[in-house]
Structure formats: structure tokens, C-alpha cells
**Student:** 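Before I ask anything, let me first share the structure, which is written out below as C-alpha cells.
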Amino acid sequence: MNSNIKIFPSPELLAESFAEYFASEVRHKDKYNIALSGGSTPEIIFKTLADNYTDKIDWTKVHFFWGDERCVPPESSDSNYRMTKETLLDRISLPSSNIHRIRGEAESIEEAIRYSNEILNNVPLVNNLPGFDFVMLGLGEDGHTASIFPDRLDLFHTEKICEAVQNPVTHQKRITLTGNVLNNSSAASFFVTGKSKSFIVEKVCKNPSANKNFPASNVNLINGNLFWYLDTQSASKL
Ligand code: 6PG
């Protein structure tokens, strides 16, 4: 099996392995720009970093961005920023200027423009697009990643950096990085756990070229490594 596909007996062991990789990567850089995923899967990773790496990583090197955000206030239980703040940011020491929050409370179209400019002002260009050091990606059962949903495959063919979108089922407004920015990262990984994701993992991880209708299948880094951090449940159909 492809060595970039890493399968762990539990989410805890997955998180420990990624935390070690992350610490090693940051160690070799003066500044590390990471775009975080949202939803529930990354919580265990953020908690593991906060529990075991507060002193093992020079957090002043790390600049946190988000791959997507729900258009809700930062206090909302739906906010990806709030989840990250509670599980990680409140437990590590870094300048507030290192935290590049998507302002979910703002008007979505204006915020997509503002956030694009914040990224351009802080993330170096590679091939004329912002080049993150790492992008964390979740995977929805419908094959979405970040907030690129199946009705918006066009977001893999736009020169825009961010876009204001809507969840096609809940109609919740969101801000998302676009596909070309995801694919421009030096490294990225899907983080997927749980039995409910085994179907979509089989489609996207095993045979992406035959499943391009699922947005996540279109993640294909131009000059970087794409990893899969899976647990045995989500990987059960591989
Ligand atoms: C979000 C995400 C989204 C998420 C997937 C998986 O804001 O919801 O960024 O892409 O990663 O929906 O979500 P779970 O980890 O909760 O299954």
C-alpha cells in the first residue's frame, strides 16, 4: 500500500503519530504556515498537541490559518475557530498575531475577500499562489473537503484564494480555501476516522481518478506530498 497512507488502531494513536510529524516539521522551519481543518475529527489531534507538545514545539514559529469556517460568530458551538481555541490555542503560548481567524461573524462575500488578502499578506507565493507548509483536510461522507461541496467542483478551477459558499444541504454559509490553494501546499493530509467514512475513503483514497465527482478526489498536490491519516475503521474498505 502507498506509504503515504497511514492506518492506526485508534484516533489517539493517529493523533500521536501526526503530532510527532508536525513537531519535526516545525523544528526545521523559521516560520510554519498551516491551514487547519474543522469539524470534529481534528479535536483529538489538537488535544494531543496541547497535552504533550506545549514545550516541545516553538509555537511562535507557527501561524494558524483555517481551510474553512462556518459563517457563525466565534462563540458559536459551530465555529471551527472556537473548537481550535478550546482544544489547543488556549493551552499554548504564541502571539495573537499568529492566529489568522476567518471572521465567521462578518458578511461572507466581504470576508472571503478580506481573508484572501490576509493570506496573501502572510503566506509566501509559490507558482503565483499562496503556498502553505501544510493543509489539514477533513472528509465528509458526501466527499466534500474544506467547504468545497459536490455542487462546487468549479472551486478547483478558480484563481480565487477563498470563496463564500453554502452547504447545499443545510444552506449554512461558509468560507473556504479554493482547490488550487489546497493543491499548492507543500504537504497536506486527510484525517479520517470512524466506520461511517469507510465508503467515501474507499472511493476517494483508493480510486480518486474514477471518483472526481467527489471534491476530495480532486486534491492532488502540484509539488507536495498528500498523506492519509486513517484509523482501522475508516480504512476498513481499503
Ligand atoms: C467543516 C470542515 C469539513 C470537515 C468534514 C468532516 O468545517 O465541517 O472543515 O470539511 O472536515 O465535514 O467533518 P468531521 O470531522 O466532523 O467528520
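Computed from heavy atoms alone, side chains included, the values below leave out hydrogens, waters and symmetry copies. Remember, it's 1-based here, ligands and their atoms both numbered in the order they're listed. Please read all numbers here as calculations on a predicted model, not as lab measurements.
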**Student:** Got a list of side-chain donor-acceptor pairs under 3.5 Å for residues 18-30, not counting sequence neighbours?
**Tutor:**
| from | atom 1 | to | atom 2 | distance (Å) |
| --- | --- | --- | --- | --- |
| E20 | OE1 | Y53 | OH | 2.6 |
| H28 | ND1 | S24 | O | 2.7 |
| K29 | NZ | D133 | OD1 | 2.9 |

**Student:** For atom 15 (O) of ligand 1, what is the closest protein heavy atom, and at what distance to 0.1 Å?
**Tutor:**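 Heavy-atom neighbour on the protein nearest atom 15 (O) of ligand 1: T41 OG1, 2.6 Å.
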
**Student:** Report the relative orientation of the aromatic rings in F64 and W66; use parallel for angles under 30°, tilted for 30 to 60°, perpendicular for over 60°.
**Tutor:**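 F64 vs W66 ring planes: tilted.
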
**Student:** Return the minimal non-hydrogen interatomic distance between P74 and R82, and the atom names on each side.
**Tutor:**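 What the structure gives for the nearest pair is O-CB, 3.1 Å.
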
**Student:** Nearest to atom 10 (O) of ligand 1 by heavy atom, G138, A146, S79, G38: which?
**Tutor:**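 Looking at heavy atoms only, A146 sits closest to atom 10 (O) of ligand 1.
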
**Student:** Just which atoms of ligand 1 are under 4.0 Å from any heavy atom in L139?
**Tutor:**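 Selected atoms, number and element: 6 (C).
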
**Student:** I'd like to check S189 versus F191 (side-chain heavy atoms, cut-off strictly below 4.5 Å). Are they in contact?
**Tutor:**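 In contact.
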
**Student:** Should T178 and C162 be marked as a side-chain contact (heavy atoms from CB on, under 4.5 Å) after you check the CA-CA gap, both sets of side-chain angles, and the distance that decides it?
**Tutor:** CA-CA 5 Å; T178 57; C162 297; 5.7 Å; no

**Student:** Please round to the nearest 0.5 Å and tell me the distance separating atom CG of L139 and atom OG1 of T145.
**Tutor:**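 With rounding to 0.5 Å, CG (L139) is 6.5 Å from OG1 (T145).
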
**Student:** So which bit of D68 gets within less than 4.0 Å of ligand 1, heavy atoms only: side chain, backbone, both or neither?
**Tutor:**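 The answer is the side chain.
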
**Student:** Rounded at 0.5 Å granularity, tell me how far CG in D142 sits from CZ in F149.
**Tutor:**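 CZ of F149 is found 6.5 Å from CG of D142.
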
**Student:** Provide, to 0.1 Å, the distance between atom 8 (O) of ligand 1 and the closest protein heavy atom, together with that atom's residue and name.
**Tutor:**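 For atom 8 (O) of ligand 1, the nearest protein heavy atom is R70 NH2, 2.8 Å.
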
**Student:** Does S147 reach ligand 1 with a nitrogen or oxygen that is under 3.5 Å from one of the ligand's nitrogen or oxygen atoms?
**Tutor:**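 No, since none of the N or O atoms of S147 sits under 3.5 Å from an N or O of ligand 1.
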
**Student:** Does E69 have a non-hydrogen atom less than 4.0 Å from ligand 1?
**Tutor:**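 Outside the 4.0 Å threshold, so no.
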
**Student:** Starting from atom 12 (O) of ligand 1, which protein heavy atom do you reach first, and at what distance in Å?
**Tutor:**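 Looking at atom 12 (O) of ligand 1, the protein heavy atom closest to it is H144 NE2, 2.7 Å.
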
**Student:** Is there side-chain contact between P215 and P150, with heavy atoms separated by less than 4.5 Å?
**Tutor:**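 In contact.
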
**Student:** Atoms of ligand 1 less than 4.0 Å from K197 heavy atoms?
**Tutor:**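 That gives atoms 6 (C), 14 (P), 17 (O) of ligand 1.
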
**Student:** For atom 13 (O) of ligand 1, what's the nearest protein heavy-atom neighbour? Residue, atom name and distance, please.
**Tutor:**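 Ranking protein heavy atoms by distance from atom 13 (O) of ligand 1, first comes G39 CA, 4.0 Å.
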
**Student:** Polar-atom distance check: S40 versus ligand 1, any N or O pair below 3.5 Å?
**Tutor:**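 Yes.
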
